[in-house]
Amino acid sequence: ANLGPRRHFACVDLADLSGDVYDVDFFLAGDPGAMTVTETTVHKINGQPYYLWQQQSDGTWQRAPVEQASHDLLGVITGRDEFEFVYRATLPVMTNTARLWLPFPTTDRFQTVEVKTINVPGAYRVLDEHENGNKILFTELNSGDSGKQVEIRYQVQRREKAAYAEDGVATAQYLQPERLVPSNETFRVMAEKVGDGKKGDLVRARALYDHVIDRMRYMKYGSGWGQGDAVYACNALTGNCTDFHAYFVAMARAIDIPARFAIGAAIPSERNEGGIDGYHCWVEFYAEGKWWPVDISEADKYSSLSTYYFGHHPANRFELSRGRDLVVDPEPVAGPINFLGYPVLEVGGKTAKSIAEEVAHVLVERRAQL
C-alpha cells in the first residue's frame, strides 16, 4: 500500500519450521524499485494480534493496543449492520463445456437479502437444496465463456445473532455424519471425557468449546488445512475456521448435541469498503430448546471475546450457505457440494478444484451510511 510520497506499507505471512505463522508488517521509504525498510513489526502469531489498526478521522491509521480494545475494533458490530456485498469472479480458461454452482444467499430472520444485479454468462437458474434450506445459482458454460466475469450484487441488512428457538426443524439431521465430519469412537471417547461431570447439553457444549480453543492453534500451514476435515483437525491440532468448527461439530454430535455448519463472510468492522481476504465459517449447536451460535476460531484469536462468541454472532456477517454435503439437481459428478465460500466449477465432467479458489477470490463490500 502507498501511504504517501515515498512512503509505503507491506505485510506478509511467514511460517517457521515448527509451523508457527507470523503476520509481519513492514514500513518502507523510497521510490518503487529502490525502497528501504524503515520498520518491521510482528503483528500476529497464529492469528492472535499483538496490536490492532485503527483509522483516524483524517483517514490515517494508527496502532491500537489489543488490551481493553472496543468490540468494533476487535471485529464485532452489535445490534445491526447494513452493507452492499459484491460476489465477483473471473472465469478461467475452459477448453470444454463446464457447469458452475454458486452459493445464493437468502433472507432469514437474521439477514435481509436484496439481489440487486446478477451478471453471469448464459442462462442461469436457481436450484433448491431442501435439507438445509439453501438456494444455489447454477449455469452451464462453454469455452467461449473463458475469461468472462461473474458478478452478483446484494444489499444486505443483518442483525446480531443470539440464542434463538426455531420451529419445524428436525434436529436429528444435525447428528448425522458427513464426509469430512465422521462419527467414530475417537470423537466419542474424547467428547465424553471433556464432558464428564458436566450437567446439561449447554454446559457440555461450553466444555467442548473451551477444549477446542485450548487444544488447537490457528495456523494455515502445511497441507490439509482449510477443508473442514474433523479428522485432520483432531490429528494436526491446527487449521483455520473450518477446521476448528469441524472438530467441534464432530465432538458435539458424538455426545448427541446437534450442531450445524454455516459459511459466509465476516464484514470488516473497522472500514467501510474494500476487499475481503476470504471466507469465514461458524457453527450453531442445539441445547435447551434453542440454537446457540458460536465462533471458536475468532474466540481463539481474541481471548477477551471468548465469552461473547459462545452464544453470539455479530451483525457484520453475511451467511452464504448453511450445512455441508449439499444435494441439488443437477449435482456435480463428484457428488454433494461443500462450498467453503467458493463456487464449484466442473469442466468436462471433472471438478476443477485447483481452479475453484481462483474463480471467486474477490469478495467486496461497501457499508451503508446508517
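Only heavy atoms go into these numbers, but all of them, side chains included; no hydrogens, no water, no symmetry mates. It should be emphasised that the depicted structure is a prediction, and the values quoted were computed from it without experimental measurement. Positions are given from 1 along the sequence.
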**Q** Check Glu319 with Arg260, please: is the shortest side-chain N to carboxylate O separation under 4.0 Å?
**A**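 Salt bridge flag = no for Glu319 with Arg260.
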
**Q** Is there a path of hydrophobic side-chain contacts, each under 4.5 Å between heavy atoms of I, L, V, M, F, W or Y residues, that connects Leu52 with Phe27?
**A**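 In one cluster: no.
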
**Q** Flag yes if Tyr22 and Tyr51 sit in one hydrophobic cluster, no otherwise; membership is Ile, Leu, Val, Met, Phe, Trp, Tyr, and two members link when side-chain heavy atoms are under 4.5 Å apart.
**A**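 Yes, Tyr22 and Tyr51 fall within the same hydrophobic cluster.
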
**Q** Say you draw a straight line from CD of Glu270 to CD of Gln54; how long is it, rounded to the nearest 0.5 Å?
**A**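 So the CD of Glu270 and the CD of Gln54 are separated by 10.0 Å.
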
**Q** Could you tell me whether the side chain of His8 and the main chain of Ala29 form a donor-acceptor pair under 3.5 Å?
**A**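 No, the answer is negative, given that no donor and acceptor are paired below the 3.5 Å cut-off.
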
**Q** Any chance you could lay out the side-chain hydrogen bond (donor to acceptor under 3.5 Å, both in side chains) test for Tyr50 and Asp25, step after step, and finish with the verdict?
**A** CA-CA 11 Å; Tyr50 283 106; Asp25 291 343; over 6 Å; no

**Q** Once ring pair (Phe, Tyr, Trp, His ring centres under 6.0 Å) is applied, do any residues pair with Tyr174, and if so which ones, sequence neighbours excluded?
**A**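 By the ring pair (Phe, Tyr, Trp, His ring centres under 6.0 Å) rule, Tyr174 matches Trp291.
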
**Q** Which pair of non-hydrogen atoms, one from Tyr279 and one from Cys241, has the smallest distance, and what is that distance?
**A**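 Result for this residue pair: CE1-SG, 4.0 Å.
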
**Q** Where do Leu345 and Pro92 come nearest, in terms of heavy atoms and distance?
**A**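 Minimum heavy-atom contact is CD2-CG, 3.7 Å.
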
**Q** Applying ring pair (Phe, Tyr, Trp, His ring centres under 6.0 Å), name anything that partners His312, two or more places apart in sequence or on another chain.
**A**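 For His312 the ring pair (Phe, Tyr, Trp, His ring centres under 6.0 Å) partners, ignoring immediate neighbours, are Tyr308.
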
**Q** Who are the salt bridge (charged side-chain N to carboxylate O under 4.0 Å, His left out) partners of Asp295, not counting sequence neighbours?
**A**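 Salt bridge (charged side-chain N to carboxylate O under 4.0 Å, His left out) check on Asp295 returns Arg317.
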
**Q** Within this structure, what is the CG-CD distance for the pair Asn338 and Gln227, rounded to the nearest 0.5 Å?
**A**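 Answer rounded to 0.5 Å: 9.0 Å.
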
**Q** Measure the spacing between CG of Leu175 and CD of Gln173 and express it to the nearest 0.5 Å.
**A**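 Reported to 0.5 Å precision, the distance equals 9.5 Å.
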
**Q** For His280, which residues count as a ring pair (Phe, Tyr, Trp, His ring centres under 6.0 Å) partner, sequence neighbours excluded?
**A**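 Scan of His280 (ring pair (Phe, Tyr, Trp, His ring centres under 6.0 Å), adjacent residues dropped) gives Trp282.
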
**Q** Please answer: with hydrophobic residues joined when any side-chain heavy atoms are less than 4.5 Å apart, are Tyr286 and Phe261 in the same cluster?
**A**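 Not linked; separate clusters.
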
**Q** Relative to Phe83, does Arg158 satisfy both conditions: NZ or CZ under 6.0 angstrom from the six-membered ring centre, and within 45 degrees of the ring's axis?
**A**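 Not flagged: Arg158 not positioned over aromatic ring of Phe83.
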
**Q** Anything under 30° is parallel, anything over 60° is perpendicular, the rest tilted; go ahead and classify Tyr218 against Phe244.
**A**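 Tilted, since the angle between the ring planes falls between 30° and 60°.
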
**Q** Side chains of Met219 and Asp20, heavy atoms from C-beta outward: is any pair under 4.5 Å?
**A**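 Met219 vs Asp20: side chains touch.
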
**Q** Measuring from atom CD1 of Ile136 to atom CD of Glu129, what distance do you get when rounded to the nearest 0.5 angstrom?
**A**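 Reported to 0.5 Å precision, the distance equals 6.0 Å.
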
**Q** Honestly curious: do Leu3 and Leu28 fall in one hydrophobic cluster under the side-chain, below-4.5 Å linking rule?
**A**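 They do share one cluster, since a chain of ILVMFWY contacts under 4.5 Å joins Leu3 to Leu28.
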
**Q** Which residues pass the ring pair (Phe, Tyr, Trp, His ring centres under 6.0 Å) test with Phe187, sequence neighbours left out?
**A**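 Listed in chain order: nothing, the list is empty.
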
**Q** Looking at residues at least two apart in the chain, or sitting in another chain, which of them share a salt bridge (charged side-chain N to carboxylate O under 4.0 Å, His left out) with Lys198?
**A**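 Lys198: no salt bridge (charged side-chain N to carboxylate O under 4.0 Å, His left out) contacts found.
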
**Q** Does Met216 share a hydrophobic cluster with Ile45, counting links as ILVMFWY side-chain heavy atoms below 4.5 Å and allowing steps through other members?
**A**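 Result: no, two separate clusters.
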
**Q** Taking the basic N atoms (NZ, or NE/NH1/NH2) and the acidic carboxylate oxygens, is any pair closer than 4.0 Å for Lys193 and Asp196?
**A**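 Salt bridge absent between Lys193 and Asp196.
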
**Q** Would a distance-only check, ignoring hydrogens and angles, find a side-chain to backbone donor-acceptor pair under 3.5 Å from Arg6 to Met35?
**A**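 Judged by distance alone, no pair lies under 3.5 Å.
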
**Q** With ring-ring contact (aromatic ring centres under 6.0 Å, His included) as the criterion, how do Phe110 and Tyr164 come out once you've worked through the C-alpha distance, each side chain's angles and the decisive distance to 0.1 Å?
**A** CA-CA 10 Å; Phe110 294 102; Tyr164 65 98; 5.0 Å; yes

**Q** How long is the span from the CZ atom in Phe104 to the OH atom in Tyr154, to the nearest 0.5 Å?
**A**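 So the CZ of Phe104 and the OH of Tyr154 are separated by 5.0 Å.
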
**Q** Report yes if the side chains of Pro105 and Phe85 come closer than 4.5 Å at any heavy-atom pair, otherwise no.
**A**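 When only atoms from C-beta onward are counted, Phe85 and Pro105 do not touch, as no gap falls below 4.5 Å.
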
**Q** Nearest 0.5 Å, what's the CG-CD distance between Leu100 and Glu140?
**A**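 Those atoms lie 11.0 Å apart.
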
**Q** Measure across Ala207 and Val194 and return the closest heavy-atom pair with its distance rounded to 0.1 Å.
**A**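 Smallest interatomic distance, heavy atoms only, reads O-CG1, 3.5 Å.
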
